[in-house]
Amino acid sequence: MARDGGDRFMALNGMPASSRFPKTRHLLKHADFQRVYQGGGRQFTGNMTVFFLRRECGGGEPGAGGPKVGFTVGKALGGSVERNRIKRRMREAVRRSWPACEAPVDVVFNPRKSVLSLPFAKLLDEVERGLRLAAQRTRVTEQK
RNA sequence: CUGCUGGGCCGGACGGUCGCUGCCGGCCUGCGAACGCUGGCGACAGCCAGGCUGCGCAGGCGGGGAGAGGAAAGUCCGAACUCUACAGAGCGGUGUGCCGGAUAACGUCCGGGCGGUGGCGUUCAAGCGCCAUUGACGGAAAGUGCCACAGAAAAUACACCGCCCCGCCCAAUUUACUCAUUGCGGCGUGAGCCGCCGCAAUGGCGCACAAGCGUUGUUCAGGUCCCAUGGUCGCAAUGGGCUAAUUGGGCGGGGUAAGGGUGAAAUGGUGCGGUAAGAGCGCACCGCGCUGCCAGUAAUGGCGGUGGCAGGGAAAACCCCACACGGAGCAAGACCAAAUAGGGGAGGAUCCCGCCGGUUCUCCCGAUUCACACCCAGUGGCGUGAAUGGAGAGAACCGGCGGGAACGUGCCGGCUCGGUGCGUCACAACUUCCGGGUAGGUCGCUAGAGGCGAGCAGUAAUGCGCGUCCCAGAGGAAUGACCGUCCUCGCCCCUUCUUUUCCGCCAAUGCAUUUCUGCAACGCGCGGACAGGAAGGGGCGGGACAGAAUUCGGCUUACAGGCCCGGCAGCUAU
RNA sequence: GGGGUCGUAGUUCAGUUGGUUAGAACGCUGCCCUGUCACGGCAGAGGCCGCGGGUUCGAGUCCCGUCGACCCCG
């Protein structure tokens, strides 16, 4: 089964650093979320909605070089167990998709309930696509 | 063994890779302060530079170790803890509610009592005993209110029907009438249930004096149903009453609380006596109330006496009684504290004294009013407090006037000074300090009514001491993602064995023989098919309910599967 | 962490306090009206009162538990 998926896992497991996801890479503040919703772009990718916005004043803070990611998992998505499961799967997927995006952007993922039962390889694919998309779009707007 | 049910326990296991959040210690980098060390300068306050050590913070690297539950849930109770209010108590409100115990506390738990339900045993039965289970289980003679429809009446008991007695009136009857007893004959043969019989049997149960009910039948009108030991009709005999009496009807007065089939519920129940009719009116048993003794800590139980019945339900209607509770909640609360706005003090920009006026506060004075407490036979007295008032005193602040000092400045004299005039008013920038306090951060924050083990006390809940262990602390919220093996459950497939039923065959097979063929076997025989069971293997799918948020004790609710203990029913074996 | 409100016909709501008959409007169905539709008229169906217990003679209503939805405060 899924020979190609197995290879992908091997490759990801072999990748040593930069696949970590500490708190400094999280997007936590309510104001940050509002800024991304108001000023950024959005794209729906099937099982989630991706919001993104380039961060300008990302000066001296640690972890300012790369993207920062936040999730919104509302009460409508289920009980606390299911919401936690969704967040954990999303975090894991983002953690393994860091190479897709190097730009300093703020990204907010708004997952749907189907993330719970989706095979992990597909979820990984979608998150990686979303991150790459966010990087490209923000670069375009910057050139304008 | 199966099914139902009650209680307790567990809540998949092991491993790999990569992660997340605290903690411990190591290394590196940066910053900060201390300024201990070195060097330089110096007015010996200190400053500058260097780099070592230790400290704090942040980041990075690699290491060790830890990391969701029995319900973490619902937030239904109870506490700890914190702040706040408070002399004490009450009112109000909320909650609890048989008794005793456990506990920090509880609406929780344990034990007991009483009641309900089910089962078993015993007994002719009533009843009694045992077991299981269950109960929001104080008070209805403290008071208010409610009880539809039906029913005479729904809480005051008695209006109505009925029954009985007395009085009056009317009608009928008259030697006939009437009453009682006995005998004979007739009428009747039953809707329902049980039993009995099959041309024989015909027994029992089931109201009444009446009003009425009930039954059958059923669409309604209407009709039907009456005595067997006591019904009714007729006849006869005997005895009694008698010209007034009897019967019937009406009216009036009284007695009665038995009955009146309704209803969820009807004013003690059954029997006997008793009476004009009746009635706890009397008696026996049962129930109930009061009371005495005994047992028990108590709830309560047992025995006896006594009363003749007090009196329905409902308090999850209001309410009464007893007891408990001040309020808010870790976003409690404490500390540090940015930016911005704002507050206060000082400098900027001056202090002192006296007089007058005003405001506020405190004290003082006595009068009136009110409230409370005490004394008193009392309209009275006395004390305290409050409000109003006053002419007084003090303090603070504000305003005005006057004087002095100091400073600035002008003028005059004059030169280590003096005199005199004016000003020193207000506001603001700015500087500095202080306090409150937002964002943010730190603490609270996990060693506890803690877990485990065995012991002792206790029927138990639980308690006591001993030993041992440290076991999540996040904060837009970590405790994960993926994979492998095993475990378990369900379905499907294959192999082997086996059971029942059915079908086919005396052969397949083995041995002998060159071959034909012969021998072995009607048997617990051989072969096959459907179905079932067991074991093994393989494949697929499933493994619940659910995520700590200050911490505990309970309750309630959700929950796949497994284990243990108990009760009931059925089957099988001994 | 506190506090509150509401679940009744397909839909929106009465009825709940103070217990004994479940109602209104719109919608739906059928018939009439009209050449046809709409409007209108007549008739009808449709409810285990969120769920589970209890109190009571009797529960939509009272009590307890539970589920769901919504709102407010810090």
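Just so it is clear, the model here is predicted, and its values are computed rather than measured. Here is how names work: the chains are called A, B, and so on, in the same order as the sequence lines, proteins then strands, and each is numbered from 1.
Comparing rG192(B) with rG186(B), their C1' atoms sit 29 Å apart, to the nearest whole Å. rU432(B) and rG348(B) have their C1' atoms separated by 11 Å, with the value rounded to a whole Å. Comparing the C1' positions of rA136(B) and rG95(B) gives a spacing of 13 Å, expressed to the nearest Å. The P atoms of rA132(B) and rG112(B) are separated by 10 Å, rounded to the nearest whole Å. When the P atom is compared between rA426(B) and rG400(B), the two are found 10 Å apart, to the nearest whole Å. Here the separation of rG204(B) from rG261(B), taken at their P atoms, is 31 Å to the nearest Å. Between rG18(C) and rA265(B), the two C1' atoms lie 23 Å apart (nearest whole Å). Between rG32(B) and rU21(B), the distance separating the two C1' atoms is 28 Å to the nearest Å.
Between the CG atom of L123(A) and the P atom of rG480(B) there is a distance of 18 Å, given to the nearest Å. Look at CG on L124(A): it is 12 Å from P on rC483(B), rounded to the nearest Å. When rounded to the nearest whole Å, the span between CZ of R95(A) and P of rC482(B) equals 12 Å. Computed from coordinates, the L116(A) CG to rG480(B) C1' distance equals 14 Å when rounded to whole Å. Put simply, CZ on F71(A) is 17 Å from P on rG480(B), counting in whole angstrom units. To the nearest angstrom, C1' of rA478(B) lies 14 Å from CD of E92(A). Between the CZ atom of R83(A) and the P atom of rA73(B) there is a distance of 14 Å, rounded to whole Å. Atom pair E82(A):CD and rG480(B):C1' shows a separation of 17 Å (rounding to whole Å applied).
Taking T49(A) as the reference, nothing meets the side-chain hydrogen bond (donor to acceptor under 3.5 Å, both in side chains) condition, with sequence neighbours excluded. Taking S114(A) as the reference, N47(A), R112(A) meet the side chain to side chain contact (heavy atoms under 4.5 Å, CB included) condition, with sequence neighbours excluded. With sequence neighbours excluded, the residues satisfying side-chain hydrogen bond (donor to acceptor under 3.5 Å, both in side chains) with T45(A) are E126(A). Partners of Q43(A) by side-chain hydrogen bond (donor to acceptor under 3.5 Å, both in side chains), not counting sequence neighbours, listed by chain and number: R137(A). Not counting sequence neighbours, the partners of R89(A) by the side chain to side chain contact (heavy atoms under 4.5 Å, CB included) test are R85(A), F120(A), L123(A). Under the side-chain hydrogen bond (donor to acceptor under 3.5 Å, both in side chains) criterion, R132(A) pairs with E128(A), not counting sequence neighbours.
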Are any protein N/O atoms closer than 3.5 Å to N/O atoms in nucleotides 547-550 of chain B? If there are, list each pair with its distance.
from: rG547(B); atom 1: OP2; to: S80(A); atom 2: OG; distance (Å): 2.9
from: rG547(B); atom 1: O5'; to: S80(A); atom 2: OG; distance (Å): 3.1
from: rG547(B); atom 1: N7; to: N84(A); atom 2: ND2; distance (Å): 3.4
from: rG547(B); atom 1: O6; to: R88(A); atom 2: NH1; distance (Å): 3.3

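rA266(B): no Watson-Crick or G-U partner with both key distances under 3.5 Å is found in any strand. Nucleotide rC482(B) is matched to rG16(B) when pairs are restricted to Watson-Crick or G-U wobble geometry with both distances under 3.5 angstrom.
Of the two residues contacting RNA chain B, namely R89(A) and T72(A), the nearest-nucleotide position lying further toward the 5' end is that of T72(A). Residue order along RNA chain B, read from the 5' end via each residue's closest nucleotide, puts K87(A) first among K87(A) and L118(A).
Nucleotide rG151(B) carries an anti base; the chi torsion (O4'-C1'-N9-C4 or O4'-C1'-N1-C2) is more than 90° from 0. Base orientation of rA14(C): anti, the glycosidic angle falling outside 90° of 0.
Taking CZ of F71(A) as the reference point, atom CZ of R83(A) lies at 15.5 Å (rounded to 0.5 Å).
For the pair R96(A) and E92(A), the salt-bridge criterion is met [side-chain N within less than 4.0 Å of a carboxylate O].
Taking 4.0 angstrom as the limit, R91(A) places none of its side-chain polar atoms (N or O) nearer than this to OP1 or OP2 of rU21(B).
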Inset, instruction - Represent RNA chain C in dot-bracket notation, 5' to 3'. Only Watson-Crick or G-U wobble pairs with both distances under 3.5 Å count; pseudoknot-style crossings use [ ] and interstrand partners use |. - result: ((((((((.[[[[.).......]]]].(((((.......))))).....(((((.......)))))))))))).

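Within the helix from rU350(B)-rA405(B) to rC363(B)-rG392(B), the inter-axis angle between the opening and closing five-pair segments is 0°, rounded to 10°.
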